[in-house]
Peer 1: 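One structure is given below, represented as structure tokens, and several questions about it will come after.
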Amino acid sequence: QVQLVESGGGMVQFGGSLRLSCVASGGTFENYDMGWFRQAPEKEREFVGVISWGGGSTVYADSVKGRFTISRDNAKNTVYLQMNSLKPEDTAVYYCAADRRGTSVYRRSKYYATAYEYWGQGTQVTVSS
């Protein structure tokens, strides 16, 4: 059983930056591809991006490409989401999720929440205009 805990959320102004962290415990971190999702009020959970178990491959949603960067430190059991040039439409609860490796992060199935077995509790990000 893998436990995930996100941190780093908060309130930031338009154009600002935040870095979210997600620490994993209870499993072998290198066995998992790690995804980030977000959910705004009254909207469905949305794919943000995913990083492969070794960190060598990443995929991003078009809405965040060029502004957000996912990285991981397997020695620290941590995955990061660096968010730059934030916009009000980025306001949401951000979740990290773990999916046991075996499927390429380039497969479309990785872009759906149903692919992921473990989830964090989420951290709120609010961007003011």
Side-chain angles (χ1 to χ4, degrees):
Q1 188 79 5
V2 175
Q3 291 83 44
L4 303 173
V5 179
E6 302 96 336
S7 62
M11 185 174 292
V12 64
Q13 289 189 331
F14 177 84
S17 298
L18 280 175
R19 187 176 82 155
L20 306 184
S21 299
C22 171
V23 178
S25 60
T28 303
F29 189 58
E30 294 88 337
N31 284 345
Y32 295 89
D33 300 323
M34 298 298 297
W36 284 96
F37 288 76
R38 65 187 182 184
Q39 189 165 17
E42 301 182 359
K43 291 190 176 181
E44 292 191 357
R45 195 163 294 191
E46 174 189 29
F47 172 77
V48 173
V50 59
I51 187 167
S52 60
W53 63 272
S57 299
T58 52
V59 178
Y60 299 95
D62 288 344
S63 58
V64 307
K65 201 172 294 181
R67 300 187 299 122
F68 290 11
T69 303
I70 300 174
S71 61
R72 65 190 293 164
D73 184 340
N74 286 348
K76 296 182 178 180
N77 289 356
T78 303
V79 61
Y80 304 98
L81 178 65
Q82 176 67 45
M83 304 185 294
N84 298 329
S85 302
L86 283 161
K87 306 173 182 180
E89 51 263 45
D90 294 317
T91 295
V93 177
Y94 283 72
Y95 299 88
C96 67
D99 177 35
R100 184 171 288 274
R101 68 183 192 184
T103 303
S104 168
V105 297
Y106 299 107
R107 291 284 297 271
R108 286 188 61 83
S109 59
K110 285 289 198 185
Y111 313 157
Y112 295 91
T114 50
Y116 296 80
E117 296 96 318
Y118 303 104
W119 291 83
Q121 83 289 348
T123 186
Q124 176 71 47
V125 172
T126 303
V127 185
S128 61
S129 57

Peer 1: May I have all residue pairs that pass salt bridge (Lys or Arg N to Asp or Glu O under 4.0 Å) and include part of residues 67-89, sequence neighbours excluded?
Peer 2: R67-D90
Peer 1: For S128, which residues count as a side-chain contact (heavy atoms from CB on, under 4.5 Å) partner, sequence neighbours excluded?
Peer 2: Q13
Peer 1: Using a 3.5 Å distance criterion without hydrogens, assess whether the side chain of Q121 forms a donor-acceptor pair with backbone atoms of V5.
Peer 2: no
Peer 1: Just to verify, what does R100 make a side-chain hydrogen bond (donor to acceptor under 3.5 Å, both in side chains) with, not counting sequence neighbours?
Peer 2: Y32
Peer 1: Taking T58 for the side chain and I51 for the main chain, is one N or O donor matched with an acceptor at less than 3.5 Å?
Peer 2: no
Peer 1: Determine which pairs satisfy ring-ring contact (aromatic ring centres under 6.0 Å, His included) with at least one residue from residues 38-81, sequence neighbours left out, and list them in order.
Peer 2: F37-F47, F47-Y111
Peer 1: Does anything in residues 112-125 form a salt bridge (Lys or Arg N to Asp or Glu O under 4.0 Å)? List the pairs, not counting sequence neighbours.
Peer 2: none
Peer 1: Among side-chain atoms of S17 and N84, is any donor-acceptor pair under 3.5 angstrom?
Peer 2: yes
Peer 1: Could you pull out all residues at least two apart from T126 that satisfy side-chain hydrogen bond (donor to acceptor under 3.5 Å, both in side chains)?
Peer 2: Q124
Peer 1: Could you list the cluster mates of F14? Members are the ILVMFWY residues connected by side-chain heavy atoms closer than 4.5 Å, either directly or through other members.
Peer 2: none
Peer 1: Could I get the full list of side-chain hydrogen bond (donor to acceptor under 3.5 Å, both in side chains) partners for Y94, not counting sequence neighbours?
Peer 2: R38
Peer 1: Does anything in residues 22-68 pair up under disulfide bond (SG atoms under 2.5 Å apart), and if so which pairs, sequence neighbours excluded?
Peer 2: C22-C96
Peer 1: Return the set of residues passing side-chain hydrogen bond (donor to acceptor under 3.5 Å, both in side chains) with K65 (not counting sequence neighbours), or none when no residue passes.
Peer 2: D62
Peer 1: Among residues at least two apart in sequence or on other chains, which ones pass side-chain contact (heavy atoms from CB on, under 4.5 Å) with S7?
Peer 2: S21
Peer 1: So, T28 side chain and E30 main chain: donor-acceptor pair closer than 3.5 Å or not?
Peer 2: no
Peer 1: So T78 and F29, do their side chains get closer than 4.5 Å, heavy atoms only?
Peer 2: no
Peer 1: For R101, enumerate each residue passing the salt bridge (charged side-chain N to carboxylate O under 4.0 Å, His left out) test, keeping only those at least two apart in sequence or located in another chain.
Peer 2: none
